[in-house]
Amino acid sequence: VDRMPPTLIGLEFVVVDAAVAMEFFVDVLGYQVVEQRRHEQFDADFYVLGDGQLTVTLLQPTSMADSPPFPEPGPRLAQLIFASTPDEHAELHEAMAAAGLPVATASPSMFHLVEQFRQAALGETPAFVFAAVEAADVTEDG
């Protein structure tokens, strides 16, 4: 393989109590709260924490009934988010498709491995999400 491997840039957790999770990530580990809002599509609160290299997203399903319920509301590590440059992203997508891996394309700059493949190959795992970002945002150190 001639391209750099994608860089792990983010983790997404579904949590029962965002305050407890934020106490750990912010108060103990030192992450900063970057964003806090309602989820755009589901009945959930959405928090983005960062340390300058890794982004941690917390999703707390709620029962406000202002949008559809959050699918799979149980607490878990829900996603691993990998980034590569746009050119490497396209090459990675093509390589996965050529290898027969089932990928679902969310947009020109984002795709993920489908759940059935992840479960068959790796057991219960979070989603593997691959995103294209500008070169300045992806470094060899993370």
**OP:** Check the pair Phe82, Ile9 against side chain to side chain contact (heavy atoms under 4.5 Å, CB included), reporting the backbone distance first and the verdict last.
**Re:** CA-CA 6 Å; Phe82 296 88; Ile9 62 165; over 6 Å; no

With a 4.5 Å limit on heavy-atom distance, are the side chains of [X] and [Y] in contact?
{"X": "Thr57", "Y": "Tyr47", "result": "no"}
{"X": "Glu12", "Y": "Leu59", "result": "yes"}
{"X": "Phe130", "Y": "Met96", "result": "yes"}
{"X": "Glu72", "Y": "Val14", "result": "no"}

Subject >> Gap separating the CZ atom of Phe128 from the CD atom of Glu115, nearest 0.5 angstrom >> reply: 12.5 Å

Subject >> Atom of Val15, atom of Ala21 and distance for their closest heavy-atom approach >> reply: CG1-CB, 4.0 Å

Subject >> Heavy-atom closest pair, residues Arg118 and Leu113 >> reply: NH1-O, 2.6 Å

Original post:
What is the ring orientation for Phe25 with Tyr31, classed by angle as parallel under 30°, tilted 30 to 60°, or perpendicular over 60°?
Top reply: perpendicular

Original post:
Hey, what's the ring geometry for Phe111 with His89, parallel, tilted or perpendicular (30° and 60° as the breaks)?
Top reply: tilted

**OP:** Check the pair Gln79, Leu11 against side chain to side chain contact (heavy atoms under 4.5 Å, CB included), reporting the backbone distance first and the verdict last.
**Re:** CA-CA 6 Å; Gln79 293 184 356; Leu11 307 171; over 6 Å; no

Original post:
Would you say Glu23 has more than 12 foreign heavy atoms packed within less than 6.0 Å of its CD?
Top reply: no

Original post:
So with a 6.0 Å cut-off around CD of Glu35, is the heavy-atom count from everything else above 12?
Top reply: yes

Joint hydrophobic cluster, [X] plus [Y], side-chain heavy atoms closer than 4.5 Å:
{"X": "Val34", "Y": "Val26", "result": "no"}
{"X": "Phe13", "Y": "Val16", "result": "no"}
{"X": "Val56", "Y": "Phe24", "result": "yes"}
{"X": "Met22", "Y": "Leu29", "result": "yes"}
{"X": "Leu80", "Y": "Val48", "result": "no"}

Original post:
Under 3.5 Å, is there a donor-acceptor pair between the Thr62 and Asp43 side chains?
Top reply: yes

**OP:** Identify, with sequence neighbours excluded, every residue that meets salt bridge (Lys or Arg N to Asp or Glu O under 4.0 Å) alongside Asp66.
**Re:** Arg38

**OP:** Check each of Pro61, Pro69, Pro71, Pro73 against Phe42 using the side-chain contact (heavy atoms from CB on, under 4.5 Å) test, and report the only one that passes.
**Re:** Pro71

